[in-house]
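Have a look at the structure below, then the notes.
Note that the numbering runs from 1 along the sequence shown for the chain.
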Amino acid sequence: MEEEPAVNLTDRELDVLGLLAQGLSNRLISRRLDISEKTVKNHLSSIYFKIGATHRTQAALYAQYVGLAS
């Protein structure tokens, strides 16, 4: 049985990943979510680890794959 994509990401990580997939910078993500850029970076590090990505392009492609990108 396959595991559902993105099931191990928190709601906030899903928010950050969705905005990243839309092409927003860390600064714009932080403004949109009303959090600091440092917090965005922490969320991205956690996302990369959980999905096995090494950079934001891989994370954005993953977001498209699981349907987070519009």
Side-chain angles (χ1 to χ4, degrees):
M1 181 175 275
E2 279 188 40
E3 183 179 338
E4 287 186 35
V7 73
N8 60 344
L9 297 177
T10 66
D11 289 342
R12 184 56 97 183
E13 289 169 345
L14 290 171
D15 293 340
V16 169
L17 184 56
L19 293 172
L20 176 142
Q22 293 177 29
L24 274 65
S25 67
N26 289 359
R27 177 173 289 167
L28 291 176
I29 293 170
S30 72
R31 289 181 183 169
R32 181 80 56 94
L33 298 177
D34 197 28
I35 57 178
S36 72
E37 282 186 67
K38 173 77 171 140
T39 301
V40 172
K41 289 178 185 179
N42 289 339
H43 284 308
L44 289 174
S45 292
S46 178
I47 291 165
Y48 295 166
F49 176 77
K50 289 179 179 181
I51 68 173
T54 57
H55 50 78
R56 66 192 297 124
T57 302
Q58 286 180 334
L61 290 171
Y62 177 85
Q64 284 186 322
Y65 175 75
V66 298
L68 291 173
S70 52

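- In terms of heavy-atom proximity, Gly52 sits nearest to Gln58 at O-OE1, 4.4 Å.
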Exercise for review: Go through the steps to decide whether Glu13 and Thr10 satisfy the test side chain to side chain contact (heavy atoms under 4.5 Å, CB included), and finish with yes or no.
Suggested key: CA-CA 5 Å; Glu13 289 169 345; Thr10 66; 3.1 Å; yes
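- In the hydrophobic clustering of ILVMFWY residues, with side-chain heavy atoms under 4.5 Å counting as a link, Ile47 and Leu61 come out apart.
- Ile35 places a side-chain heavy atom less than 4.5 Å from the side chain of Arg12.
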Practice item. Please lay out, stage by stage, how Leu19 and Leu28 fare under the test side chain to side chain contact (heavy atoms under 4.5 Å, CB included). Key: CA-CA 9 Å; Leu19 293 172; Leu28 291 176; over 6 Å; no
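- Taking all atoms of both residues into account, the shortest heavy-atom contact from Ala21 to Ala63 is CB-CB, 3.5 Å.
- Residues Arg56 and Leu20 come closest through the heavy atom pair O-CD2, 3.5 Å.
- To the nearest 0.5 Å, atoms CD1 (Ile51) and CG (Leu9) are separated by 7.0 Å.
- For the side-chain contact (heavy atoms from CB on, under 4.5 Å) criterion with Thr39, the lone passing option out of Lys41, His43, Glu37 is His43.
- In plain terms, the two heavy atoms of Leu44 and Val16 that are nearest each other are CD2-CG1, 3.6 Å.
- In this structure, OH on Tyr48 lies 7.5 Å from OG on Ser45, to the nearest 0.5 angstrom.
- Closest non-hydrogen pair, Ala59 versus Leu17, comes out as O-CD1, 3.4 Å.
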